[in-house]
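Please read these numbers as outputs of a predicted model, since none were measured by experiment.
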Amino acid sequence: MSIDWDSILAYNTIKIVRIRDKRLGILHLCFLVVIVLYVVVYSAIIKKGYLTTEEPVGSIRTSLLAPNELKANPPYCNNNTEPYPYEKLDCVYFDDAFAAYPIGDDVGFTASTRMRISEQKTNCSLSEPSCKFYTNTTMNVYLADIESFTVYIDHTMYAPSSQIQFNGDDLSGYVLDQNGNEIQLNESVNTIGVEGKPDILQLGKLLEFAGVDLDGPSLVNSSNSIRYDGCILFVFIEYSNTFSYDLKKIKYVYSIKKVDDTAYDVPEVIILNNENSRLYYKRHAIRLIFIQTGVIGSFNFQSLLLTLVSGLGLLTVSTLIVDQLAIRFLPQRKSYSTFKFQTTESFKMKKRIVNDDGEDKLYHNIEAL
């Protein structure tokens with residue numbers, strides 16, 4: 001028994017058959033309309049599939065400024081006779097140079113709320129391994145009215161691939177309130193997102209946006225206040241030019257989030273007359289950590305091409321679905337299958353003859369199409 005290699009190694013090719021069935025035609029047309037709407041309208045236009053995006057980088061510069069007048073004897077001070085749900089302490093009225101420590105850097109900023117101040121001395125030489133400082137006096141105090149201090153925020157963004165760079169003063173900006181709404185501030189003290197003006201925000205307003213009350217319970221010990229233990233806040237600055245179809249419009253949005261189950265303290269040492277005498281400050285504070293993020297987009301033909309080409313796969317799937325419906329489920333499936341699939345006879349030589357000119361001719365029996 002010979003092996004029919006023509007059948008084993010048969011080649012399957014595509015045959016176009018026009019099936020005059022309005023059910024299949026309407027279904028296929030609906031698929032085409034949905035795919036075009038999805039690829040062109042939704043993916044390319046609404047989702048801006050013609051853009052290539054990148055996350056910008058940037059820098060932050062911050063500073064703290066004390067108000068012209070500090071409120072005297074707030075409720076948490078010992079001199080105030082009003083009831084206070086947490087421990088009262090003596091209050092000190094420090095200026096911004098003393099309240100901000102460590103000095104603001106590119107990623108963080110600190111404003112003290114409470115300090116434990118210890119005067120320490122040693123009667124031995126610090127060159128001796130056993131030499132230790134001892135504490136003479138200790139004072140535990142609140143920094144009064146720290147909420148009225150203002151924070152100046154100078155920020156710059158840069159998108160390396162698209163070469164887009166702006167300072168915050170040149171952009172429109174917003175801050176998210178507690179309800180998640182984007183708002184601009186253009187008040188006498190607080191200014192956020194106004195072009196041509198720097199971003200300045202009172203600490204009390206900043207804490208309000210984060211849902212933090214300094215005189216509320218501490219995030220680590222409910223018997224203390226946040227003013228007593230300190231806290232850490234993330235300040236996100238998100239840049240975007242994809243919120244509209246005008247890529248030249250760039251905005252930024254502040255969102256301020258508290259870090260749960262955390263307190264913050266940092267030590268500071270000040271040398272007095274000599275190295276054997278010092279002041280040791282243990283500062284509890286509001287720690288702000290700035291994070292610059294966002295999405296900056298620019299037109300890219302390859303991105304647009306990939307978005308459009310993705311629709312070809314959907315077109316293939318839609319055609320396969322309609323084909324399977326025609327040959328497997330409709331009542332006319334046998335007829336449709338016969339028209340769609342056709343097998344040729346083998347193209348083996350049937351006989352050899354010689355024409356009048358003496359040339360060999362091969363005759364094949366081919367099914368008429």
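At a threshold of 4.5 Å between non-hydrogen side-chain atoms, the residues Tyr228 and Leu89 count as touching. Inter-residue side-chain proximity for Lys48 and Tyr50 is flagged as met; some heavy-atom pair is nearer than 4.5 Å. Two residues are said to be in side-chain contact when any heavy atoms from C-beta on lie closer than 4.5 Å; Tyr142 and Cys77 fail this criterion. By the 4.5 Å heavy-atom criterion applied to side chains, Val259 and Cys231 are not counted as neighbours. Side-chain contact between Tyr336 and Asp323 is absent, with no heavy atoms from C-beta onward closer than 4.5 Å. Using a 4.5 Å heavy-atom threshold, the side chains of Tyr254 and Leu201 count as separate. With a 4.5 Å cut-off on side-chain heavy atoms, Leu312 and Val309 count as touching. Between Leu214 and Leu203, every side-chain heavy-atom pair lies at or beyond the 4.5 Å cut-off.
Atom-to-atom distance recorded for Thr150:OG1 and Leu65:CG is 4.0 Å, nearest 0.5 angstrom. Taking OH of Tyr152 as the start and CD1 of Ile200 as the end, the distance is 7.5 Å to the nearest 0.5 Å. Rounding to the nearest 0.5 angstrom, the gap separating the CD1 atom in Ile226 from the OG1 atom in Thr113 is 9.5 Å. If you take CG on Leu207 and CD1 on Ile286, they are separated by 4.5 Å, rounding to the nearest 0.5 Å. For the atom pair CG of Leu272 and CD of Gln120, the computed distance is 10.0 Å after rounding to the nearest 0.5 Å. Note that CZ of Arg328 and CZ of Arg333 are 10.5 Å apart. Values are rounded to the nearest 0.5 Å.
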Stepwise side chain to side chain donor-acceptor pair (under 3.5 Å) check, Asn300 with Thr52:
CA-CA 6 Å; Asn300 183 270; Thr52 180; 5.2 Å; no
Worked verdict on Val36 versus Val33 for side chain to side chain contact (heavy atoms under 4.5 Å, CB included):
CA-CA 5 Å; Val36 170; Val33 171; 5.9 Å; no
Run Thr122 and Asn276 through side chain to side chain donor-acceptor pair (under 3.5 Å) and show every step you take.
CA-CA 5 Å; Thr122 181; Asn276 294 91; 4.6 Å; no
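Of the possible donor and acceptor atoms, one in the side chain of Asn190 sits under 3.5 Å from a partner among the backbone N and O of Gln202. Between the side chain of Gln184 and the main chain of Val194, no donor-acceptor pair closer than 3.5 Å is present. Ser125 places a side-chain N or O within 3.5 Å of a backbone atom of Ser127 that can act as its donor or acceptor partner. Of the possible donor and acceptor atoms, one in the side chain of Asn241 sits under 3.5 Å from a partner among the backbone N and O of Gly297. Within the 3.5 Å criterion, the main-chain N or O of Asn181 finds no donor-acceptor partner in the side chain of Asn179. Judged by distance alone, with hydrogens and angles left aside, the side-chain atoms of Thr293 form no donor-acceptor pair with the main-chain N or O of Glu238 at under 3.5 Å. Between the side chain of Ser172 and the backbone N or O of Gly193 there is no donor-acceptor pair closer than 3.5 Å. Between the Ser310 side chain and the Thr307 main chain, a donor and an acceptor come within less than 3.5 Å of each other. Proximity of a side-chain donor or acceptor of Asp96 to a complementary backbone N or O of Ala66 within less than 3.5 Å is detected. Put simply, the side chain of Asp90 never gets that close to the backbone of Val141: no donor and acceptor are under 3.5 Å apart.
Cluster annotation: Met139 is not connected to Tyr134 through the hydrophobic network of ILVMFWY side chains, with a link wherever side-chain heavy atoms come within less than 4.5 Å. Under the 4.5 Å side-chain heavy-atom criterion for Ile, Leu, Val, Met, Phe, Trp and Tyr, Ile232 and Val235 are members of distinct hydrophobic clusters. Leu279 and Tyr93 end up in different hydrophobic clusters when Ile, Leu, Val, Met, Phe, Trp and Tyr side chains are linked at under 4.5 Å. Cluster annotation: Leu37 and Ile26 are assigned to distinct hydrophobic clusters (Ile/Leu/Val/Met/Phe/Trp/Tyr, side-chain heavy-atom contacts under 4.5 Å, transitive). Under a hydrophobic clustering in which Ile, Leu, Val, Met, Phe, Trp and Tyr are joined whenever their side-chain heavy atoms come within less than 4.5 Å, directly or via other members, Ile192 and Phe290 fall into the same cluster.
Figure legend: Arg278 and Phe133 shown as a cation-pi pair, the cationic atom lying under 6.0 angstrom from the six-membered ring centre and within 45 degrees of its axis.
When ring centroids are compared, Phe98 and Tyr281 come within the 6.0 Å threshold.
More than 12 heavy atoms of other residues, nucleotides or ligands sit less than 6.0 Å from atom CD of Glu128. The neighbour count for Lys257 NZ, taken as heavy atoms of other residues, nucleotides or ligands under 6.0 Å away, does not exceed 12. Under a cut-off of 6.0 angstrom, the local environment of NZ in Lys88 is crowded, with over 12 non-hydrogen atoms contributed by other residues, nucleotides or ligands. More than 12 heavy atoms of other shown residues, nucleotides or ligands fall within 6.0 angstrom of atom CD in Gln178.
Of all heavy-atom pairs spanning Asp229 and His284, the tightest one is O-ND1, 3.1 Å. Of all heavy-atom pairs spanning Pro56 and Gly294, the tightest one is CD-O, 3.5 Å. The heavy-atom pair separating Tyr252 from Gly168 by the smallest distance is CE2-O, 3.7 Å. What you find for Ala285 and Ala111 is that their closest heavy atoms are CB-O, 3.2 Å. Closest approach of Ile146 to Ala99, counting heavy atoms only: CD1-CB, 4.1 Å.
Relative orientation of the Tyr86 and Tyr84 rings is perpendicular, given thresholds of 30° and 60° on the angle between their planes. The aromatic rings of Tyr239 and His155 sit tilted relative to each other, their planes meeting at an angle between 30° and 60°.
A side-chain donor-acceptor contact under 3.5 Å links Gln163 and Tyr158.
By the disulfide (SG to SG under 2.5 Å) test, Cys131 pairs with Cys124, sequence neighbours left out.
When each of Leu171, Thr242, Asp170 is tested with Ile250 by the rule side-chain contact (heavy atoms from CB on, under 4.5 Å), just one qualifies, namely Leu171.
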